[in-house]
Amino acid sequence: MKVAILKLRGILLTSIPIDMNDEDAMAFQADVLRMLSDTEATGLVIDITAMNVVDSYMARVINDTAVQAGMLGAQVVLCGMQPDVALTLIEMGRELIGVETALNLDQAFNRLETMIEEREA
Amino acid sequence: MKNEPGMMVAVTQEWHVARAQRAATALARSVGLSQVAVYSLATSVSELANNLFFHTRVGGTITLRAVRQNGSVGVEIVAEDDGPGIADVDSAMRDGFTTNGGLGVGLPGVKRLMDEFEIESQVGAGTRVVAVIWSAGATLQP
């Protein structure tokens, strides 16, 4: 299963599908890094609107992807977390998601633009 | 506790984790658990099924069933395997402990998400986890 990664105004946008397995996750991380490198994007939005379940495995995939993207100089924002997923994640472990988060795509873009501006200032 | 017949999902391959998770979600919705309880259950099943897949060579089973007690309805998960067992259960229940490079929140996370949690493990014989989540607000069907 190929995860689409789109570029919009210097920012990469991707949405994690509901059933992502180990192999998909590895391919996804490699694709994100290749796209970041090829497009010289300075930001990455990871949308998880489709995800009903973010278990510790998926939390790790998200965190690892963000760390890897950061190494290529991209700022990362996670968005689209469902309220019940947030409740479940807090119960699971407070430190599970170590990524900047925003409510929705709009706010994620605003946040990223601010983060990128601040960094370049 | 009045129990209903369970539904067993064998977990021997990675995609079985998603199947177990879907079965848990469907059962939780059918007995009327709240949305957050449905998500808590689905996440717990995912953690336990991932453990079966990643920590045992042969996989194991997830059995799900509706349970009723004192006017409450809930869902019970039984995760069983004949795998290597857990040498130090106390450590496995501690946050941050991992043997496979994971985040080390799987078992303690499940314990926090569910209302009841029991684990038995014997090295060389296997592991059995029983966990229940109750929906306090649900009404008992006569």
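For the numbers below, each heavy atom of this structure counts, side chains included, while hydrogens, waters and symmetry mates do not. Chain letters run A, B, ... following the sequence lines, proteins first, then strands; residues in each count from 1.
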**Message:** Show, in sequence, the C-alpha distance, side-chain angles and deciding distance for R22(B) and D19(A), and conclude whether the salt bridge (Lys or Arg N to Asp or Glu O under 4.0 Å) test is met.
**Reply:** CA-CA 10 Å; R22(B) 272 197 296 274; D19(A) 285 343; 3.0 Å; yes
**Request:** For side-chain contact (heavy atoms from CB on, under 4.5 Å), just list the numbers for T88(A) and L113(B), CA-CA rounded to whole Å, side-chain angles, deciding distance to a tenth of an Å, and then say yes or no.
**Result:** CA-CA 7 Å; T88(A) 307; L113(B) 286 173; 3.5 Å; yes
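Surrounding CD of Q122(B) are at most 12 heavy atoms belonging to other residues, nucleotides or ligands under 6.0 Å away. At most 12 heavy atoms of other shown residues, nucleotides or ligands fall within 6.0 angstrom of atom CD in E23(A). When the shell of 6.0 Å around CD of Q35(B) is examined, it contains more than 12 heavy atoms from other residues, nucleotides or ligands. Summarising the local packing, CD of E40(A) is surrounded by 12 or fewer heavy atoms from other residues, nucleotides or ligands at distances under 6.0 Å. Enclosure of atom CZ in R9(A) is not indicated, since only 12 or fewer non-hydrogen atoms of other residues, nucleotides or ligands lie within 6.0 angstrom.
With a 4.5 Å cut-off on non-hydrogen atoms, V54(A) touches chain B through its backbone but not through its side chain.
Closest of all the heavy-atom pairs between M92(A) and V110(B) is SD-N, 4.3 Å.
Within the model, atoms CE of M58(A) and CG of N50(B) stand 10.5 Å from one another, a figure rounded to the nearest 0.5 Å. Expressed to the nearest 0.5 Å, how far OG of S40(B) lies from CG of L87(A) amounts to 8.0 Å. To the nearest 0.5 angstrom, Y39(B) atom OH is 4.0 Å from N52(A) atom CG. L107(B) CG to S56(A) OG: the interatomic distance, rounded to the nearest 0.5 Å, is 9.5 Å.
The greatest number of non-hydrogen atom pairs below 4.5 Å with chain A, out of G109(B), A18(B), S34(B), S44(B), is found for G109(B).
Under the 4.5 Å side-chain heavy-atom criterion for grouping Ile, Leu, Val, Met, Phe, Trp and Tyr, L72(A) is not connected to L112(A) through any hydrophobic cluster. V61(A) and V67(A) fall into different hydrophobic clusters, where Ile, Leu, Val, Met, Phe, Trp and Tyr residues are linked whenever their side-chain heavy atoms come under 4.5 Å apart, directly or through other members. In the hydrophobic cluster analysis, where Ile, Leu, Val, Met, Phe, Trp and Tyr join through side-chain heavy atoms closer than 4.5 angstrom, I119(B) is grouped apart from F97(B).
Between the side chains of Y57(A) and E47(B), not a single donor N or O lies within less than 3.5 Å of an accepting N or O.
For E14(B) (side chain) and D22(A) (main-chain N/O), a donor-acceptor pair under 3.5 Å exists by modelled atom type.
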